[in-house]
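Since the structure comes first, as C-alpha cells, the remarks are kept for the end.
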Amino acid sequence: MRVKYFAWVRERIGVAEEEITLPDTVVTAHDLIAHLKSRGEGYAHALERDAFIRVAADQMHVAHDTPIREAREVALFPPMTGG
Amino acid sequence: MRVKYFAWVRERIGVAEEEITLPDTVVTAHDLIAHLKSRGEGYAHALERDAFIRVAADQMHVAHDTPIREAREVALFPPMTGG
Amino acid sequence: MITVAVTAEPLDLNVWLAQLPQTEGTGAVATFAGYCRGEAGRLAALELEHYPGMAEGEMKRIATEAMARWPIHGVVAVHRCGLVTVGAPIVLVATSSAHRDAAFDATRYVMDFLKTDAPFWKREHHADGTVGAWIEANAKDDAARARWAP
Amino acid sequence: MITVAVTAEPLDLNVWLAQLPQTEGTGAVATFAGYCRGEAGRLAALELEHYPGMAEGEMKRIATEAMARWPIHGVVAVHRCGLVTVGAPIVLVATSSAHRDAAFDATRYVMDFLKTDAPFWKREHHADGTVGAWIEANAKDDAARARWAP
C-alpha cells in the first residue's frame, strides 16, 4: 500500500510517501496508525496524538474505524488549515 | 415646505416636487398625507393606501406619527425596490 | 473607510473595488454584485429612480452601522441610477476585514438594508420597447432585514 | 457549472471570475477572496502545502454539494499552493444565482467546508527570513462548518 504524509506528519516521519506491506493485524485506519507508530521514533512522534491525525483512503476522508486494506493509497495528515 | 414625490407617487400626482403652505391642522406626516389627499384626484390616487406610503423628513426616514412641520423638505414615496 | 456612490455610468466593478481598504492585516474581502435579469427575455432593462442626496445618505448610514457592528476595514457601496440593461450590474457592495465571518456578515447586512432603506425604485422596460410597471417591494426583503435585529 | 483549481501562480481574480456562469437569469454574484495577512509585520509569506488530486477532488465535491443545495448557476473555487506573499490572495470562491440569498449562502458554505475538508496546510515564513511553525487548525472553523448541518 502506498502511504502519503503531509505537513508536520511528513516532516516528523521524514518521507513524503512510502510503500508499506500491511501485516494481517492491520484492518482499520486506526490499526495502520498503531502499526506505523511501532516503526520508529519519527513515526511515534508524528502520530503521538492519534485521535488528532486525519486519514484519507484513495483521496477520500475516512474515520479511524474505517477498513482501509482495500485502498491503493492512504494518507495521514494534520487537521487542514487552508482557505 | 418643499414636498418631493418619487416613483409611482410622483407619476400619479403629476409633479416631482412642489412648495406647500401647511395649514395649522398639519402636525405629523400622517396629517400631511391626509391634507394632500384633499388636493385632488391625482393626490387621492397616489396616496390612497396611506399606510403603504413611506415618508422622509429632511432626507431621513420617519414614521407617520412624526411631527414634520420643522422640516425644510419632506418626501413621499412607495416602499423601496433598489439593490 | 467608507466609499458610497450613485452613478448613471455603467459600473466598472474593478474600479470601485480598488477603493476598498486592503492593509497588511486584511485577510478577507467579501463582495456582492447585483445584476439586471432578463426574466426569460421579457425585459430589456430596468430603470432606476432615486432620491438624490438621501440615497447617498442612507448608503453612508448603513455602511457606518456595519463598520460599528463588525471589525471591518472598510465598505464600498455603489448603486446605479438611470437605465440598466440586462446583464449589467445594478449594485456593488464589498467589505474587507481580518477574518471571513465579519466580511461575509457585513456585506450581506449592507445589501439587506440597502434593499429596504435606500431610496431607489425600479421600473421594468420590456424587450418590445414598452415601459412596464414599477417593481413591487418584496416581503422577503423585509424578512432579510429583520434577521439583523439585535 | 463548476470550476475548481489549485495553482502555484499568483491568482488573477478577474481571470478566474470570468469562469463563473452568468446568464440573462443571473441576478446575483457573491465572491469571497482570502488574503495572506502580515500579522503586524511578523510574516513575509505563507507556504501552502496540499495533497495533489485530493485537494481538487474535495473542492469539486464541496462545490457539487453547494450546487445541489442552492439554486445557483455555478461555482468558481481556486486555491493557491506554494509561497503566497503578504497581501496576495490565497483563495477565491464565487457563486452566481438569480437571487442574492442563494449566492451569499453558497459562497460561504463552500468557504467553510474548504477550510475544514480540503487538504491544504499553511506554514509561516517570517519577515526575518526564517521558516516558522505550521498553522494550527482553528476550532472556529469546525464551528462554522457545523452551522450547515441539515
Side-chain angles (χ1 to χ4, degrees), chain C residues 12-14 17 20 22-46 73 84-112 114-115 122 127 138 140-141 143-144 147, chain D residues 12-14 17 20 22-46 73 84-112 114-115 122 127 138 140-141 143-144 147:
Chain C
D12 184 329
L13 303 190
N14 289 324
L17 286 172
L20 192 68
Q22 256 185 276
T23 69
E24 72 104 59
T26 299
V29 172
T31 305
F32 179 84
Y35 292 84
C36 177
R37 291 190 306 275
E39 307 295 0
R42 196 168 56 78
L43 296 189
L46 287 170
H73 302 160
V84 181
T85 52
V86 169
I90 296 169
V91 60
L92 171 71
V93 172
T95 67
S96 55
S97 61
H99 301 284
R100 74 187 185 287
D101 277 347
F104 271 121
D105 280 342
T107 295
R108 194 161 187 170
Y109 173 95
V110 171
M111 268 309 299
D112 283 350
L114 212 148
K115 282 260 175 187
K122 292 195 189 101
N138 189 337
K140 273 170 68 177
D141 289 328
R147 146 175 87 194
Chain D
D12 185 331
L13 303 189
N14 288 323
L17 286 172
L20 191 68
Q22 256 186 276
T23 68
E24 72 104 60
T26 299
V29 172
T31 305
F32 179 85
Y35 292 84
C36 176
R37 290 190 306 275
E39 307 295 0
R42 197 168 56 76
L43 297 189
L46 287 170
H73 302 159
V84 181
T85 53
V86 169
I90 296 170
V91 60
L92 172 71
V93 172
T95 68
S96 55
S97 61
H99 301 283
R100 75 186 185 286
D101 278 346
F104 271 121
D105 280 342
T107 295
R108 195 162 186 170
Y109 174 95
V110 171
M111 267 310 299
D112 282 351
L114 212 148
K115 283 258 174 189
K122 291 194 189 104
N138 188 337
K140 272 170 69 178
D141 289 329
R147 147 175 85 193

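In what follows, chains are A, B, ... by sequence order, proteins preceding strands, each numbered from 1. Just so it is clear, the values below take in all heavy atoms, side chains as well, and ignore hydrogens, waters and symmetry mates.
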Determine the option with the most heavy-atom pairs under 4.5 angstrom with chain D, choosing from C/Gly25, C/Ala33, C/Ala30.
-> C/Ala33
Can you tell which of C/Ala103, C/Ala40, C/Ser96 has the highest number of heavy-atom pairs within less than 4.5 Å of chain D?
-> C/Ala40
Closest contact, heavy atoms only, C/Tyr35 versus D/Thr26 = CB-O, 3.5 Å
Distance col, row D/Phe32:CZ vs C/Arg100:CZ, nearest 0.5 angstrom, shows 7.0 Å
Measure distances from D/Asp112 to the heavy atoms of chain C and classify the residue's part below 4.5 Å as side chain, backbone, both or neither.
-> both
Flag the one option from D/Ala98, D/Ala94, D/Gly87 with the top tally of heavy-atom pairs under 4.5 Å to chain C.
-> D/Ala98
Only one of D/Arg147, D/Lys115, D/Lys140 passes salt bridge (charged side-chain N to carboxylate O under 4.0 Å, His left out) with C/Asp101, and that residue is D/Arg147
Atom group of C/Asp105 that falls short of 4.5 Å from chain D, counting heavy atoms = both
Contact class of C/Val86 relative to chain D, heavy atoms under 4.5 angstrom = side chain
Part of C/Ala144 within contact of chain D (heavy atom distance under 4.5 Å) | side chain
What's the spacing between C/Arg108 CZ and D/Thr107 OG1 if we round to 0.5 Å?
-> 10.0 Å
Which atoms form the tightest heavy-atom contact between C/Glu24 and D/Glu39, and what is the distance?
-> OE2-N, 3.7 Å
